[in-house]
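Order of the sequence lines sets the chain letters (A, B, ...), proteins ahead of strands, with each chain counted from 1.
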Amino acid sequence: MSPFFESILSQLTQTLLVVVLAPAFLGWLNQCRAWLQNRSGAGVLQPYRVMRKLFHKDAVLAKNASPVFRAAPYVQFSCMVLAASIVPVIETDLAFSPAADVIALVGIFALARVFAALAAMDIGTAFGTMGARREMLVASLSEPALLMVFFTPLLIAQSTSLNAIADALAHRQFAIYPSLAFAAVAFVMVLLAENARIPIDNPSTHLELTMIHEALILEYSARHLALIEWATAIKLTTYCALGIALFVPWGLAQTGEWQMLPVSVLAFAGKLALAGAALAVLETVSAKMRIFRAPEFLGMAFLLAVLGMLTFLLLGA
Amino acid sequence: MSLSAQLINLMAALLLLIAFAMLSQRRILSLIHLYAWQGVVLATNNIVIGYSTGQTHLYYSALLTFALKAILLPWILHRLIVRLNIRWDVETLINIPATMLVGIALVVFAFNLALPISQLAGTITRSTLGIAIAIVLLSFLMMITRRKAVPQVIGFLALENGLFFAATSATYGMPLAVELGIALDVLVGVLILGIFFFQVREAFDSLDLRHMEKLKETDQ
Amino acid sequence: MTLPAVLPLDIVVGVVLYWLVLGVAGLVRPQHLVFVSRVLFPLSVAGALALTVAAAVSVTQPPAAAVLPLGLPDLPFHLRLDALSAFFIALLGFAVTGISLFSSGYFRHGQGTAPGLLCLQYHVFLSAMVLVLLADDAYLFMVAWETMAVSSYFLVIASHRIPEIRSAGFLYLLLAHLGAIGILLAFGVTHGAGGDYTFDGMRQSQLSNFWASTAFLLALFGFGAKAGLLPLHAWLPEAHPAAPSPVSALMSGVMLKTAIYGMLRVTFDLLPFQLWWWGVVALVLGLLTALFGVMFAAVQTEMKRLLAYSSIEHIGIVVAGFGLTIIFHAYDNPQLAALALVATLYHCLNHACFKSLLFLATGSVLHATRERRLGKLGGLIQSMPWVGALALVGTLAIAGLPPLNGFVSEWLLLQAFLFSPGLPNPYLNMLVPLGSAALVLASALAAYVMVKFYGVIFLGQPRDPGLAKAHDAGGWERAGLAWLAAACVLLGVFPFGVIALLDHVTLPLVRYAVGANAGEHGWLLLAPVSAARASYAPLLFLLGIAGGVGVTFLAVRKFYHGRVRRDLPWDCGYLALTPRMQDTAEGFGQPIKQIFEPFFRIKRHMPGPFDAQPYYSATTEDRFWHWLYVPVVKFNHRVSEWVSVLQHGRIYLYLLYSFVTLIALLLLAR
């Protein structure tokens, strides 16, 4: 096989893997939460069932819905698929990776978010506009923190390409990097904020005072809603995969190492399962914050990321 | 980089993190806990340095640090706040993000200050000197931004920790006799301050230091 | 290319003359609207197109110079068209093409300046801007600069019956002249041997560190006043809303760039060397301006003011890039200096496109609804689908979203920032990365602002019943908007051509070109340093998203169905939904107001529980106004009161003053 064809193949495999497994990851996360809260839970496959049901229903649109409203779910979904195809999951040889680096990845997320916010404002309900402004607020505060989180791995790998970073981090000699530890903690905080998880937002509530993400999608139904839910699941999974690629990349296969693939798939699945369980624990032990505490929370994330960068510059580790 | 050097760097980073956590902490009880953790990390650091350089006096120093800064002083402070009934006191801080930004600027300043010194020094701990200076400055900042008495004392103690860490990273610590003397000083200092707190509260009904502003010679 | 080297310069000068003739032609029948707008403005478009092509061609050619037999005796006008001025002229021509197209359908009969006179002012303004960019001596530069300021002042006060507009114009004129003094002094410091004020003479002059720094700071002040750099930004949010929309687009999209051109020209061309701390000053000022601009944009309640503050933000980003260029250049790192400079110039071009587009779109909205307050608009995408769609492109571009053009320049600038830890100065090593965080914060908040802008104007339900009858823009207006929107897309998807052109600009200024690297990986992949370091393929990106949307759409239809039912909005089952329940502009900006409260000067009136007629009001003001401008005005008043002691209105006293002065001068000159 030619190397180009190989990388296309590995690209398709990885993207499909993430896109198909994303609802299962969300299901697993919800299952863990249910266990921790002494409930029996709906099972790992529940998100698939919900999506199937939604896809079969007739869509109801508000009378004044504009094309922006109808296009937004598709844009969000394809943005997330694109994002999922940039992050190296099982192998660092991706055909699509030169097309976008970490900054472009942040750009993709921003594009999806802006469409979500515009669509929420389209119907002109009080909830929609409120959700839109909260979502944009949280995002605009978390993006600087996210950039600072990327800084330390960038300095280590001397590249902004995710493939190169993951490659450099996965195949280096083991060393304790306190800077990476700081960046990792900051990254988890940003992950919680960007994916609308506790303590910034509560994904399982429709209480007006607490919701951000749910307020954005109140007017959606049927296939549109299904696509958005799917996109949300892909986003969460991609974020977790990104964290894994940056901070615990061991087990990632190198270019052309086909015999390593089963190992790396298993390693990824295991790490993802652990990440889901850890997220469930985090969400169970912490409480939702008031929205105006969010700047402080994200400020802490920013501070940690900056400390990480500074310690790297000073200690070289 | 050898494993012990990596561990020392890790300890230094942790100390910096604790210093920032103290700067942003609102609750007095959590401040005391953070102070205790600082002591634990300092002691561990001394053990690692002692092991890697073969200087046995650092083990004693670690033991002393642990006993005094991780157990005895936090215990005294804890007793103090229980007796003063300010365990759950929450202090309103002036603009945490702004303080943090000042803190970051101080860290950058400290790092650059230490750069020429650490390039000259030959110890394996030399790169941590910048962090030690940063901790001193951050503790100073913490003392400046606090209004209540107990957090100020904790800031003072953290400052002493920073100096201690600076000494270990620059020259593998002070002679044991000096260290013992300082430890005694700190202990006595805390005890005297503890007595002062009771007196201050008798006089003003509060430990808020703004009340001290009344103690001027001239009336306005 | 076998064209002789002087040809582009001839065309550029020709277009300037052509525009002046068009302007004068407007005076032939000043009140005849159809003649002016349907004949003269379309003719002006042809000139702008010719200008764009000629300038774009001459970017790649060696500098061409000419001496005009105009001006004072012994002080002829020197012209020079080098790569830097050619790039900015191309930018001007390109943006003006769209703006003039739009203007052909825009101007109406009103109670302001007559259309023919407006046409003259408009074209004098355009010609003056071109001459500023062409000037090769301080004399012509200042003449053109002042002409530009005065003609734009008349354009700003086109509706001069309204007192607010007159005072906005006055503020603009005042700050423009303060800036001009700074520029004049900067040229004075830099002048060549024997009072040589040609730029060639200045390039030869030997300056000490002190005088070079003085010249730089004076130039930064002077051009900063024109660009809207903190704290000299006060005129922007007043003048832009006051001017007719095409003029706002010209001023924001093009005129601000002449100030950037001036900064680049003085710093990298006229001054013999650059010191690193100049870069720090510019970087810090730029980032502060960007953050300030975007925060104030977030709390605005009027659409053109919002865009004006957003212009301040973008100028801040450009100046930050300029500062970064100086830093890298002073530390002798030509590769990164070139990268930062390319990002700066590219952002200038991008801003010219999307900001003009949005200002023009607000013009269409203003015509259709006669309303500029955001709180009275809403739902216009239903009644104005063309303007809505084209403005959406501008909104996404200005928010810095891939794959449009705003993202490309921000990506390039961030790449330059991310390299900064290699600098030999440890302080900068650690602090410049924090600058990148400030940049990202500004651009993320810009997304917030643009969601507010677009969402409140075009989406939602009409906040006023009359809005449903708003008419869409006419053909000329649509053509102008479409021209600029297409530029936003093309500059985003195919940045390679422009970056290759920019090589010719960066090479003489910082002695390096990144385009060679960028082109090495084909036209698909943008990799300014090396592909291993960073790369971005905007076309693949666009195809990925478009393909994703298409495939998903078809797949969902194929496997499931495309059935849709229209009904009332659900709104959690609440049936009495009214347009008043949507967020107002104030409401949308409220979180920003709360989080960044120390930066604003907020006056609130809260209704009390026993008020007979409770009302709530909040105004947000600029702190600089009270910190800086009001004290200066007060000081000025005091000085003039003091001076007015001399004024008595008696003739013999004035004669006495002249007499005393004469005697004193004679004594001194003895």
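- Across Y454(C), F596(C), F588(C), a single residue satisfies ring-ring contact (aromatic ring centres under 6.0 Å, His included) together with Y448(C), and that is F588(C).
- Checking side-chain atoms of W230(A) against main-chain N and O of V19(A) turns up a donor-acceptor pair under 3.5 Å.
- Residue T395(C) does not touch chain A at all, counting heavy-atom pairs closer than 4.5 Å.
- Contact of A65(A) with chain C is made through backbone and side chain together, with heavy-atom distances under 4.5 Å.
- Residue L137(A) touches chain C through both its backbone and its side chain, counting heavy-atom pairs closer than 4.5 Å.
- For a residue to count as touching a neighbouring chain, one of its non-hydrogen atoms must lie under 4.5 Å from one of that chain's; by this rule L82(A) touches chain C with the side chain only.
- The most heavy-atom pairs under 4.5 Å with chain C, out of V81(A), V75(A), V106(A), I103(A), come from I103(A).
- Residue L434(C) touches chain A through both its backbone and its side chain, counting heavy-atom pairs closer than 4.5 Å.
- Contacts of Q461(C) with chain A are made by both backbone and side-chain atoms, with heavy-atom separations under 4.5 Å.
- Heavy atoms of V551(C) lying under 4.5 Å from chain A are absent altogether.
- With chain C as the partner, the residue from R70(A), M121(A), H224(A) showing the most heavy-atom pairs under 4.5 Å is M121(A).
- Looking at L154(A), the atoms closer than 4.5 Å to chain C (heavy atoms on both sides) all sit in the side chain, from C-beta outward.
- Interface summary for chain A: among V564(C), L392(C), I592(C), the most heavy-atom pairs under 4.5 angstrom belong to V564(C).
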Item checked: Working for side chain to side chain contact (heavy atoms under 4.5 Å, CB included), residues D201(A) and E214(A) -> CA-CA 9 Å; D201(A) 187 10; E214(A) 291 297 315; 5.8 Å; no
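- Options E219(A), E135(A), E143(A) differ in how many heavy-atom pairs under 4.5 Å they form with chain C, and the most are formed by E219(A).
- For R113(A), no part sits under 4.5 Å from any heavy atom of chain C, backbone or side chain.
- Listed options F77(A), F302(A), F292(A), F115(A) were ranked by heavy-atom pairs under 4.5 angstrom with chain C; first place goes to F292(A).
- When each of A546(C), P569(C), G547(C) is scored by its heavy-atom pairs under 4.5 Å with chain A, the top score falls to P569(C).
- Only the side chain of L401(C) has a heavy atom closer than 4.5 Å to any heavy atom of chain A.
- Only the side chain of Q590(C) comes within contact range of chain A, with heavy atoms under 4.5 Å apart.
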Next item on the list: Show the numbers, then the answer: is there a side chain to side chain contact (heavy atoms under 4.5 Å, CB included) between I291(A) and R134(A)?
Entry: CA-CA 8 Å; I291(A) 180 94; R134(A) 288 184 174 176; 3.9 Å; yes
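- P402(C) touches chain A through backbone and side chain together, each having a heavy atom under 4.5 Å away.
- When heavy atoms are compared at a cutoff of 4.5 Å, V556(C) approaches chain A solely by way of its side chain, counted from C-beta outward.
- No side-chain donor-acceptor contact under 3.5 Å links Q582(C) and T129(A).
- In this structure, the portion of I381(C) lying under 4.5 Å from any heavy atom of chain A is its side chain and not its backbone.
- No part of V102(A) comes within reach of chain C, as not one of its non-hydrogen atoms sits under 4.5 angstrom from that chain.
- The candidate with the highest count of non-hydrogen atom pairs below 4.5 Å against chain A, out of L445(C), T578(C), I595(C), is I595(C).
- Both the backbone and the side chain of A447(C) come within contact range of chain A, with heavy atoms under 4.5 Å apart.
- For F553(C), the parts lying under 4.5 angstrom from a heavy atom of chain A are both the backbone and the side chain.
- Taking the six-membered ring where the residue is Trp, the centroids of F541(C) and Y536(C) are separated by under 6.0 Å.
- With respect to chain A, the highest number of heavy-atom pairs below 4.5 Å among E410(C), Q382(C), M450(C), Q594(C) belongs to Q594(C).
- Contacts between L577(C) and chain A at a heavy-atom distance below 4.5 Å involve the side chain alone, from C-beta outward.
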